[in-house]
Amino acid sequence: MQKIKVGIPHGDINGVGYEVILKAFSNEEILSLCTPVIYGSPKAATYHRKAIESQTNFVLVPSAAEARDGQLNMVNCFGEAELKIEYGKATEEAGRAAFTALEASMKALANGQIDVLVTAPINKNTIQRDDFHFPGHTEYIEERLGKGQKALMILMNEQMRVALVTTHLPVSKIAANITQPLIEEKIQILYESLVRDFAIDKPRIAVLSLNPHCGDNGLLGSEEQQIIIPAIESATKKGICCFGPYAADGFFGSGNYKHYDAILAMYHDQGLAPFKALAGGDGVNYTAGLPVVRTSPAHGTAYDIAGKNEADENSFRQAIYTAIDVFRHRREFDKSHAHPLRKQYYEKRDDSDKLKLDQVTEEETL
């Protein structure tokens with residue numbers, strides 16, 4: 001079978017993007033699982049490689065269509081242009097370079113030249129421009145390749161999956177954006193992702209409260225009674241195993257998260273702070289709910305250690321593994337559900353003439 005092609009935009013060139021990419025592919029065993037294609041600059045990659053004394057090699061290809069199996073491939077998005085690398089600095093040039101590489105990889109994903117996208121970290125401020133006015137990758141990919149579907153951010157490792165109702169919002173705006181329809185929408189996306197992307201039959205979902213102590217029966221807020229509980233009840237009526245709301249502090253502190261296939265948090269830090277504290281260096285950011293597969297490491301540009309050969313590549317490596325697994329699960333799920341068997345018997349509640357006529361016609365043909 002043809003190997004899965006993994007597109008990798010190089011991210012912020014002043015951060016640890018190239019370092020974790022080069023380190024992840026220093027072990028050639030990963031090349032037996034996929035065909036990687038970096039979208040970036042060979043000069044920038046060489047600069048980073050020398051800085052960390054990496055022995056990882058790459059080959060230049062004109063496009064992902066010509067990518068070689070068993071090699072770390074690179075599509076040069078910058079020609080002969082020199083990119084100024086300033087470790088640990090947020091610069092306009094680095095933001096422009098990150099956007100150029102991201103755009104090239106997005107076009108390749110849309111055209112089917114690559115199968116999945118694994119993004120290196122960007123600086124969300126310096127990448128802003130007329131063509132990118134989003135708070136992060138998640139929102140950008142949703143608009144560009146979502147085809148009307150809504151994205152759901154999931155942070156995950158082998159221990160847990162934490163999804164978010166709201167993502168990159170100021171804290172002052174969180175409560176106003178927590179609505180029953182939005183929570184129901186996120187629960188549905190999460191459920192479908194667990195079934196299709198992770199091959200989990202009848203997944204169990206825990207929903208966190210918004211307020212401390214679940215609002216203490218309205219003393220500390222009414223969102224639980226008026227919004228979150230009705231959303232959980234609505235999802236339950238649809239056959240989704242959904243439980244809560246749970247107070248976030250006790251839920252993670254007691255280890256209760258281990259009993260569920262996924263947790264839905266109300267806002268960014270409510271879910272990500274405990275996740276990153278418990279996950280260590282193997283966390284992965286997965287963008288669920290979209291027609292395309294995209295993952296990333298669960299860390300940022302790490303300016304403070306850029307160029308020092310101190311970055312841990314494990315999160316990036318796990319992001320590659322996750323993208324491959326999700327792509328395979330989707331392929332198997334879609335294949336098994338592509339051509340369902342026609343109904344060969346009558347249901348007692350369905351005695352329509354059309355059903356009977358179809359059955360008679362089938363029997364006469366046989």
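Predicted model only: the values in this text are computed from it and were never measured.
- Contact record, Ile324 with Cys34: CD1-CB, 3.8 Å, taken as the closest heavy-atom pair.
- Salt bridge absent: Glu192 and Arg196 never bring a charged side-chain N and a carboxylate O closer than 4.0 Å.
- The neighbour count for Gln225 CD, taken as heavy atoms of other residues, nucleotides or ligands under 6.0 Å away, is above 12.
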Arg161 vs Ile200, side-chain contact (heavy atoms from CB on, under 4.5 Å): CA-CA, chis, key distance, verdict | CA-CA 12 Å; Arg161 301 175 186 87; Ile200 300 174; 3.6 Å; yes
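- The CD1 atom of Ile85 lies 7.0 Å from the CG atom of Asn14; values are rounded to the nearest 0.5 Å.
- Counting only heavy atoms from C-beta outward, the side chains of Arg294 and His137 approach each other to under 4.5 Å.
- Ile320 and Val16 fall within a single hydrophobic cluster, where Ile, Leu, Val, Met, Phe, Trp and Tyr side chains are chained together by heavy-atom contacts under 4.5 Å.
- Using a 4.0 Å cut-off between charged side-chain N and carboxylate O, Lys124 and Glu139 make no salt bridge.
- Within 6.0 Å of the CZ atom in Arg68, the count of heavy atoms belonging to other residues, nucleotides or ligands does not exceed 12.
- Counting heavy atoms from C-beta outward, Tyr321 and Thr295 have side chains that stay 4.5 Å or more apart.
- Remark: side-chain polar atoms of Asn123 are paired, donor with acceptor, to backbone N or O of Thr126 under 3.5 angstrom.
- Atom CZ of Phe58 and atom CD1 of Ile21 lie 11.0 Å apart (nearest 0.5 Å).
- Distance alone, capped at 3.5 Å, is enough to place a donor-acceptor pair between the Thr56 side chain and the Leu22 backbone.
- Ile178 is listed as a side-chain neighbour of Ile183, based on a closest heavy-atom distance under 4.5 Å.
- Comment: Lys237 does not engage Glu233 in a salt bridge, judged by the lack of any side-chain N to carboxylate O separation of less than 4.0 angstrom.
- Listed for the His48 side chain is a donor-acceptor partner under 3.5 Å among the backbone atoms of Ile13.
- Under 4.0 Å is where a charged nitrogen must lie from a carboxylate oxygen, and between Glu19 and Lys23 at least one such pair does.
- Side-chain contact between Gln55 and Ser26: absent, with no pair of heavy atoms (C-beta onward) separated by less than 4.5 Å.
- When all heavy atoms of Met106 and Leu117 are compared, the closest pair comes out as SD-CD2, 4.0 Å.
- The closest side-chain heavy-atom distance from Val207 to Met266 is below 4.5 Å.
- Minimum heavy-atom separation, Pro291 to Gly146: CD-O, 3.5 Å.
- A distance of 6.0 Å or more separates the ring centres of His10 and Tyr39.
- Between Gln188 and Lys150, the closest side-chain pair of non-hydrogen atoms is not below 4.5 Å.
- Contact detail for Thr236 and Cys242: the closest heavy-atom pair is OG1-O, 3.7 Å.
- Exactly one of Val165, Thr166, Thr167, Asn177 qualifies for a side chain to side chain contact (heavy atoms under 4.5 Å, CB included) with Tyr267. That residue is Thr166.
- Between Val6 and Asp115 there is no side-chain heavy-atom pair separated by less than 4.5 Å.
- Remark: Ser209 OG to Asp249 CG distance equals 8.0 Å, nearest 0.5 Å.
- Remark: side-chain polar atoms of Glu142 are paired, donor with acceptor, to backbone N or O of Ala151 under 3.5 angstrom.
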Should Ile228 and Leu210 be marked as a side-chain contact (heavy atoms from CB on, under 4.5 Å) after you check the CA-CA gap, both sets of side-chain angles, and the distance that decides it?
-> CA-CA 8 Å; Ile228 300 176; Leu210 174 64; 4.1 Å; yes
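- With Thr46 contributing its side chain and Pro42 its backbone, the two residues share a donor-acceptor pair below 3.5 Å.
- Annotation: Glu28, atom CD; neighbour count of heavy atoms from other residues, nucleotides and ligands within 6.0 Å does not exceed 12.
- The backbone N or O of Asn211 lies less than 3.5 Å from a partner atom in the side chain of Glu224, making a donor-acceptor pair.
- If you take CE on Met156 and CG on Asp282, they are separated by 10.0 Å, rounding to the nearest 0.5 Å.
- Heavy-atom minimum distance, Met74 versus Gly40: SD-C, 4.2 Å.
- Classified by interplanar angle (parallel below 30°, tilted 30° to 60°, perpendicular above 60°), the ring pair Phe198/Tyr286 is perpendicular.
- Checked by atom type, the side-chain pair Glu66/Ser63 shows a donor-acceptor distance below 3.5 Å.
- Closest non-hydrogen pair, Pro121 versus Gly17, comes out as CD-CA, 4.4 Å.
- Alongside Leu278, the hydrophobic cluster contains Met153, Leu155, Met160, Val162, Leu164, Leu208, Phe243, Tyr246, Phe251, Phe252, Tyr257, Tyr260, Ile263, Leu272, Phe275 (criterion: ILVMFWY side chains under 4.5 Å).
- Classified by interplanar angle (parallel below 30°, tilted 30° to 60°, perpendicular above 60°), the ring pair Phe134/Phe132 is perpendicular.
- Under the 4.5 Å side-chain contact rule for hydrophobic residues, Val116 and Leu109 do not share a cluster.
- Of the candidates His329, Arg328, Arg330, Asp197 forms a side chain to side chain donor-acceptor pair (under 3.5 Å) with just one, namely Arg330.
- The side chain to side chain contact (heavy atoms under 4.5 Å, CB included) test with Pro36 singles out one residue from Leu31, Ile114, Ile30, and that residue is Leu31.
- Within the 3.5 Å criterion, the main-chain N or O of Ile189 finds no donor-acceptor partner in the side chain of Ser193.
- Two residues are said to be in side-chain contact when any heavy atoms from C-beta on lie closer than 4.5 Å; Thr35 and Gln71 fail this criterion.
- At distances below 3.5 Å, at least one donor-acceptor pair connects side-chain atoms of Lys5 with backbone N or O atoms of Ala64.
- Salt-bridge check for Lys43 with Glu82: passed, with a basic side-chain N closer than 4.0 Å to an acidic carboxylate O.
- Inspection of the Asn57 and Arg49 side chains reveals an N or O donor paired with an N or O acceptor under 3.5 Å.
- Linking ILVMFWY side-chain heavy atoms closer than 4.5 Å, directly or via other members, places Tyr191 and Leu290 in two distinct hydrophobic clusters.
- In terms of hydrophobic clustering, with Ile, Leu, Val, Met, Phe, Trp and Tyr side chains grouped at heavy-atom distances under 4.5 Å, Leu83 and Tyr303 are assigned to different clusters.
- Side-chain N or O atoms of Glu93 include one that pairs as donor or acceptor with a backbone N or O of Lys84 at under 3.5 Å.
- Atoms OG1 and CD1, from Thr119 and Ile141 in turn, are 6.0 Å apart once rounded to the nearest 0.5 Å.
- Hydrophobic clustering keeps Ile122 apart from Val118 (ILVMFWY residues linked when any side-chain heavy atoms are closer than 4.5 Å, directly or through intermediates).
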